[in-house]
Amino acid sequence: MLVIRAITLDDIDPLIEMARQVGSGMTTLKPDRAMLGERVETAVASFAQAIPPEKRDYMFVMEDTANHRLAGVCAIKGAVGLTEPFYNYRIGTLVHSSRELGVFTRMDTLYLSNDLTGSSELCSLFLMPEYRTGHNGKFLSKSRFLFIAQFQQLFTEKIIAEMRGFQLDDGTSPFYEGLGRHFFKMDFDHVDGLTALGKKSFIAELMPRQPLYVDYLPEDAQAVIGQVHRSTLPARKLLEQEGMHYEGYVDIFDAGPVLQGRVSELRAVRDSVATVAEEGVPEGECDITLVSNTKLEDFRMILTQTCDGGARVALNVRELQLLHCQAGDPVRTLSLNVRKNSHG
């Protein structure tokens with residue numbers, strides 16, 4: 001079975017192995033031992049509440065309990081941009097008009113912004129290729145929302161997720177080639193690598209401060225603003241089902257959309273149920289459900305069949321063991337799929 005749990009220091013080596021498979025475009029998972037080691041230490045301190053909430057970085061791993069391999073990883077940062085600047089482009093509109101000439105034009109513009117500073121961020125989602133079957137991807141992505149529902153007090157009201165921007169089959173980013181390269185004079189992967197290492201001061205030093213007219217960009221660059229990488233489309237749909245949406249902020253390198261949501265409006269916050277575990281077999285009409293324990297330091301979650309209607313959720317002995325729970329312990333549940341009659 002698969003279990004999603006809080007990361008531990010023992011996971012560093014398998015995590016580095018996993019990071020080797022990620023490829024470019026995910027700045028938060030580079031196979032750099034010093035960087036990932038520090039990140040895992042921060043995560044362990046986060047679950048232990050040993051550092052302030054805004055510095056926390058909750059990392060979760062999906063473990064295949066049959067062979068103790070790591071199948072995936074995902075994370076939630078408590079707040080972005082408080083220790084190093086967090087930049088996006090905000091798409092704005094400028095209007096130029098001349099009554100005399102009868103000309104009125106609306107132009108889209110890109111403003112370099114720090115508007116999303118301080119938001120909590122969903123990040124670092126990666127599932128090993130051999131586990132990309134069944135419900136595993138959904139389970140991994142949605143697990144973070146159930147964690148947020150259980151521990152709402154740890155997060156800011158605004159939550160964001162930067163999606164990977166559109167790239168051609170050869171890995172070229174039309175937006176970066178049309179805009180960023182003029183300012184940075186280096187390849188996309190190189191810039192990506194520098195940001196991964198936290199070297200972001202060059203962004204402020206090299207980017208123009210005044211708004212950029214979108215119409216000045218090559219057409220292929222204009223066309224991909226707010227578009228996701230082909231392999232990121234399913235991830236975007238999942239986040240949108242959970243209550244996240246695009247509001248005109250994009251990544252400054254590849255113009256991938258930044259999705260945002262309000263914690264209080266997330267499906268998991270509205271629809272998840274705090275209940276009690278009991279040992280048994282579910283009876284009646286069943287639904288595929290995320291079930292988590294309610295322990296911050298030893299947070300664990302499984303995907304199983306549960307039934308509506310009871311004040312308790314029936315789990316078998318193995319499932320209780322995976323959750324580090326006993327009958328009578330509090331758990332939280334959320335249906336994996338959005339219910340058709342839900343007001344979402």
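Reckoned from all heavy atoms, side chains included, excluding hydrogens, waters and symmetry mates.
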Engineer: From Glu279 CD over to Leu320 CG, what is the distance, rounded to the nearest 0.5 angstrom?
Structural biologist: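 Separation between the atoms: 6.0 Å.
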Engineer: Is there a path from Val258 to Leu82 through hydrophobic residues (I, L, V, M, F, W, Y) whose side chains come within less than 4.5 Å of each other?
Structural biologist: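 No, no single cluster joins them.
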Engineer: Using the test salt bridge (charged side-chain N to carboxylate O under 4.0 Å, His left out), find all partners of Glu100 that sit at least two apart in sequence or belong to another chain.
Structural biologist: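 Result, salt bridge (charged side-chain N to carboxylate O under 4.0 Å, His left out) vs Glu100: none returned.
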Engineer: If you round to the nearest 0.5 Å, how far is CG of Asn88 from CD1 of Ile160?
Structural biologist: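 With rounding to 0.5 Å, CD1 (Ile160) is 6.5 Å from CG (Asn88).
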Engineer: Does any N or O in the side chain of Asn293 come within less than 3.5 Å of the main-chain N or O of Leu323, such that one atom is a donor and the other an acceptor?
Structural biologist: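 Looks like yes, one N/O pair under 3.5 Å.
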Engineer: With sequence neighbours excluded, what pairs up with Glu157 under the salt bridge (charged side-chain N to carboxylate O under 4.0 Å, His left out) test?
Structural biologist: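 Result, salt bridge (charged side-chain N to carboxylate O under 4.0 Å, His left out) vs Glu157: Arg262.
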Engineer: Working to the nearest 0.5 angstrom, can you tell me the gap between Gln49 CD and Ile51 CD1?
Structural biologist: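 Separation between the atoms: 10.5 Å.
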Engineer: Only counting residues at least two apart or in another chain, list the ones meeting side chain to side chain contact (heavy atoms under 4.5 Å, CB included) with Arg181.
Structural biologist: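 Arg181 satisfies side chain to side chain contact (heavy atoms under 4.5 Å, CB included) with Tyr176, Glu177, Asp187 only.
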Engineer: Rounded to the nearest 0.5 Å, what separation is found between the CE atom of Met62 and the CD1 atom of Ile4?
Structural biologist: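 With rounding to 0.5 Å, CE (Met62) is 4.0 Å from CD1 (Ile4).
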Engineer: Taking Arg56 for its side chain and Phe47 for its backbone only, find out whether a donor-acceptor pair lies under 3.5 Å.
Structural biologist: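 No: the side chain of Arg56 does not pair with the backbone of Phe47.
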Engineer: Side-chain heavy atoms under 4.5 angstrom apart, residues restricted to Ile, Leu, Val, Met, Phe, Trp, Tyr: same cluster for Leu206 and Tyr89?
Structural biologist: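 Yes, because Leu206 and Tyr89 connect within a single hydrophobic cluster, where side-chain heavy atoms sit under 4.5 Å apart.
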Engineer: Mind checking whether Ile16 and Leu9 sit in one hydrophobic cluster, side chains of I, L, V, M, F, W, Y counted as touching below 4.5 Å?
Structural biologist: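 Both belong to a single hydrophobic cluster.
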Engineer: Yes or no on side-chain contact (heavy atoms from CB on, under 4.5 Å) for Asp271 and Leu334, after CA distance, side-chain angles and deciding distance?
Structural biologist: CA-CA 7 Å; Asp271 295 356; Leu334 176 69; 4.2 Å; yes
Engineer: Return yes when atom CD of Glu219 has more than 12 non-hydrogen atoms of other residues, nucleotides or ligands closer than 6.0 Å, and no otherwise.
Structural biologist: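 At most 12 heavy atoms, drawn from other residues, nucleotides or ligands, come within 6.0 Å of this atom.
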Engineer: Could you work out, with side chain to side chain contact (heavy atoms under 4.5 Å, CB included) as the rule, every residue matching His324, not counting sequence neighbours?
Structural biologist: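 Per chain and number, His324 pairs via side chain to side chain contact (heavy atoms under 4.5 Å, CB included) with Lys295, Asp298, Arg300.
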Engineer: For Gln21 versus Pro129, what's the shortest heavy-atom pair and its separation?
Structural biologist: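 Looks like OE1-CD, 3.7 Å.
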Engineer: Return each pair, listed once, that meets side chain to side chain donor-acceptor pair (under 3.5 Å) where at least one residue sits in residues 101-117; pairs must be two or more places apart or across chains.
Structural biologist: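 Only Arg90-Asp115, Asp115-Tyr249 qualify under side chain to side chain donor-acceptor pair (under 3.5 Å).
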Engineer: Cut-off 3.5 Å, no hydrogens considered: what does the side-chain donor-acceptor table look like for residues 37-46, sequence neighbours left out?
Structural biologist:
from: Arg39; atom 1: NE; to: Asp57; atom 2: OD2; distance (Å): 2.6
from: Arg39; atom 1: NH1; to: Thr28; atom 2: O; distance (Å): 2.9
from: Arg39; atom 1: NH1; to: Ser124; atom 2: OG; distance (Å): 2.8
from: Arg39; atom 1: NH2; to: Asp57; atom 2: OD1; distance (Å): 3.2
from: Arg39; atom 1: NH2; to: Asp57; atom 2: OD2; distance (Å): 3.4
from: Arg39; atom 1: NH2; to: Ser124; atom 2: OG; distance (Å): 3.1
from: Thr42; atom 1: OG1; to: Glu38; atom 2: O; distance (Å): 3.0
from: Ser46; atom 1: OG; to: Thr42; atom 2: O; distance (Å): 2.7
from: Ser46; atom 1: OG; to: Asp57; atom 2: N; distance (Å): 2.9

Engineer: Is the shortest side-chain N to carboxylate O distance from Glu17 to Arg20 below 4.0 Å?
Structural biologist: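 Judged by the 4.0 Å cut-off on N to carboxylate O distance, Glu17 and Arg20 do form a salt bridge.
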Engineer: What I'd like to find out is whether the side chain of Gln305 reaches to under 4.5 Å of the side chain of Asp287, using heavy atoms alone.
Structural biologist: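 No, their side chains stay 4.5 Å or more apart.
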Engineer: Mind checking the OG-CD1 spacing from Ser120 to Ile159? Nearest 0.5 Å is all I need.
Structural biologist: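 Taking OG in Ser120 and CD1 in Ile159, the distance rounds to 5.5 Å.
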Engineer: Can you name the nearest heavy-atom pair linking Gln152 to Val263, along with the distance?
Structural biologist: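 The pair with the smallest heavy-atom distance is CG-CG1, 4.1 Å.
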Engineer: Is there a side-chain contact between Val276 and Glu278, using heavy atoms and a 4.5 Å cut-off?
Structural biologist: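 Side chain of Val276 against side chain of Glu278, heavy atoms only: no contact under 4.5 Å found.
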Engineer: Checking Asp11 now: which residues fulfil salt bridge (charged side-chain N to carboxylate O under 4.0 Å, His left out) with it, not counting sequence neighbours?
Structural biologist: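 Salt bridge (charged side-chain N to carboxylate O under 4.0 Å, His left out) list for Asp11, sorted by chain: Arg5.
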Engineer: Return the CD to OG1 distance between Glu54 and Thr83, rounded to the nearest 0.5 Å.
Structural biologist: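 Glu54 CD to Thr83 OG1: 10.0 Å, rounded to 0.5 Å.
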Engineer: Quick one: does Leu122's side chain get under 4.5 Å of Met244's, heavy atoms only?
Structural biologist: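 Leu122 reaches Met244 side chain to side chain.
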Engineer: In this structure, would Leu168 and Val250 fall into the same cluster of hydrophobic residues linked by side-chain contacts under 4.5 Å?
Structural biologist: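 Shared cluster, yes.
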Engineer: Do Phe175 and Leu217 pass the side-chain contact (heavy atoms from CB on, under 4.5 Å) test, and can you show the C-alpha distance, the side-chain angles, and the key distance before you say yes or no?
Structural biologist: CA-CA 8 Å; Phe175 184 78; Leu217 298 178; 3.9 Å; yes
Engineer: Please name the pair of heavy atoms, one in Thr156 and one in Gly118, separated by the smallest distance, quoted to 0.1 Å.
Structural biologist: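 Closest pair (atom of Thr156, atom of Gly118, distance): CG2-O, 3.1 Å.
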Engineer: For Glu121, is there an ion pair with Lys158 - N to carboxylate O distance below 4.0 angstrom?
Structural biologist: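 No, no charged N to carboxylate O under 4.0 Å.
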Engineer: Quick one, Leu179 and Tyr216 - any side-chain contact, counting heavy atoms below 4.5 Å?
Structural biologist: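 Result no, sub-4.5 Å side-chain heavy-atom pair not found.
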Engineer: Other residues, nucleotides and ligands only: do more than 12 of their heavy atoms fall within 6.0 Å of CD on Gln326?
Structural biologist: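 Counting other residues, nucleotides and ligands, CD of Gln326 stays at 12 neighbours or fewer.
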Engineer: Should Val338 and Arg267 be marked as a side-chain contact (heavy atoms from CB on, under 4.5 Å) after you check the CA-CA gap, both sets of side-chain angles, and the distance that decides it?
Structural biologist: CA-CA 8 Å; Val338 180; Arg267 178 180 78 101; 3.8 Å; yes
Engineer: Would you say the side chain of Thr93 lies within less than 4.5 Å of the side chain of Met107, judging by non-hydrogen atoms?
Structural biologist: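 SC-SC contact between Met107 and Thr93 ruled out.
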Engineer: Do you know the tightest heavy-atom contact between Arg312 and Thr275?
Structural biologist: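 Residues Arg312 and Thr275, closest heavy atoms: CA-OG1, 3.5 Å.
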Engineer: Using the salt bridge (charged side-chain N to carboxylate O under 4.0 Å, His left out) criterion, which residues pair with Asp169? Sequence neighbours excluded.
Structural biologist: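 Per chain and number, Asp169 pairs via salt bridge (charged side-chain N to carboxylate O under 4.0 Å, His left out) with Arg230.
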Engineer: What pair of heavy atoms forms the shortest contact from Val3 to Thr65, and how long is it?
Structural biologist: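 The pair with the smallest heavy-atom distance is CG1-CG2, 3.8 Å.
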Engineer: Closest approach of Pro282 and Thr306, non-hydrogen atoms and distance?
Structural biologist: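 Scanning both residues, the minimum pair turns out to be CB-CA, 4.4 Å.
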Engineer: Go through the steps to decide whether Tyr58 and Phe155 satisfy the test ring pair (Phe, Tyr, Trp, His ring centres under 6.0 Å), and finish with yes or no.
Structural biologist: CA-CA 11 Å; Tyr58 303 94; Phe155 301 99; 5.6 Å; yes
Engineer: Under 4.5 Å between side-chain heavy atoms, chaining through other members, with only Ile, Leu, Val, Met, Phe, Trp and Tyr counted: pull out the rest of the cluster around Phe104, sorted by chain and number.
Structural biologist: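 Answer for Phe104: Val95.
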Engineer: For residues 138-151, tabulate all N or O donor-acceptor pairs below 3.5 Å that involve a side-chain atom, not counting sequence neighbours.
Structural biologist:
from: Lys138; atom 1: NZ; to: Asn337; atom 2: OD1; distance (Å): 2.5
from: Lys142; atom 1: NZ; to: Gln241; atom 2: OE1; distance (Å): 2.9
from: Lys142; atom 1: NZ; to: Glu242; atom 2: OE2; distance (Å): 3.0
from: Lys142; atom 1: NZ; to: Leu336; atom 2: O; distance (Å): 3.0
from: Ser143; atom 1: OG; to: Leu140; atom 2: O; distance (Å): 2.7
from: Arg144; atom 1: NE; to: Ser141; atom 2: O; distance (Å): 3.3
from: Arg144; atom 1: NH1; to: Cys123; atom 2: O; distance (Å): 3.3
from: Gln150; atom 1: OE1; to: Arg332; atom 2: NE; distance (Å): 2.7

Engineer: Sequence neighbours left out, what pairs pass ring pair (Phe, Tyr, Trp, His ring centres under 6.0 Å) with at least one residue falling in residues 257-281?
Structural biologist: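 Every pair satisfying ring pair (Phe, Tyr, Trp, His ring centres under 6.0 Å) with a residue in residues 257-281: there are none.
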Engineer: Per the ring pair (Phe, Tyr, Trp, His ring centres under 6.0 Å) rule, what does the pair list look like for residues 251-275, sequence neighbours excluded?
Structural biologist: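 Listed once each, the pairs are Phe184-Phe253.
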Engineer: So do Phe299 and Thr294 actually touch side chain to side chain, heavy atoms under 4.5 Å?
Structural biologist: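 Sidechains of Phe299 and Thr294: no contact.
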Engineer: Check the hydrophobic clustering (I, L, V, M, F, W, Y; side-chain heavy atoms under 4.5 Å; chains of links allowed) and say if Met163 and Val22 are grouped together.
Structural biologist: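 Result: yes, single cluster for both.
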Engineer: Please determine whether side-chain contact (heavy atoms from CB on, under 4.5 Å) holds for the pair Val73 and Leu29, giving the CA-CA distance in whole Å, both sets of side-chain angles, and the decisive distance to 0.1 Å.
Structural biologist: CA-CA 10 Å; Val73 62; Leu29 275 181; 3.6 Å; yes
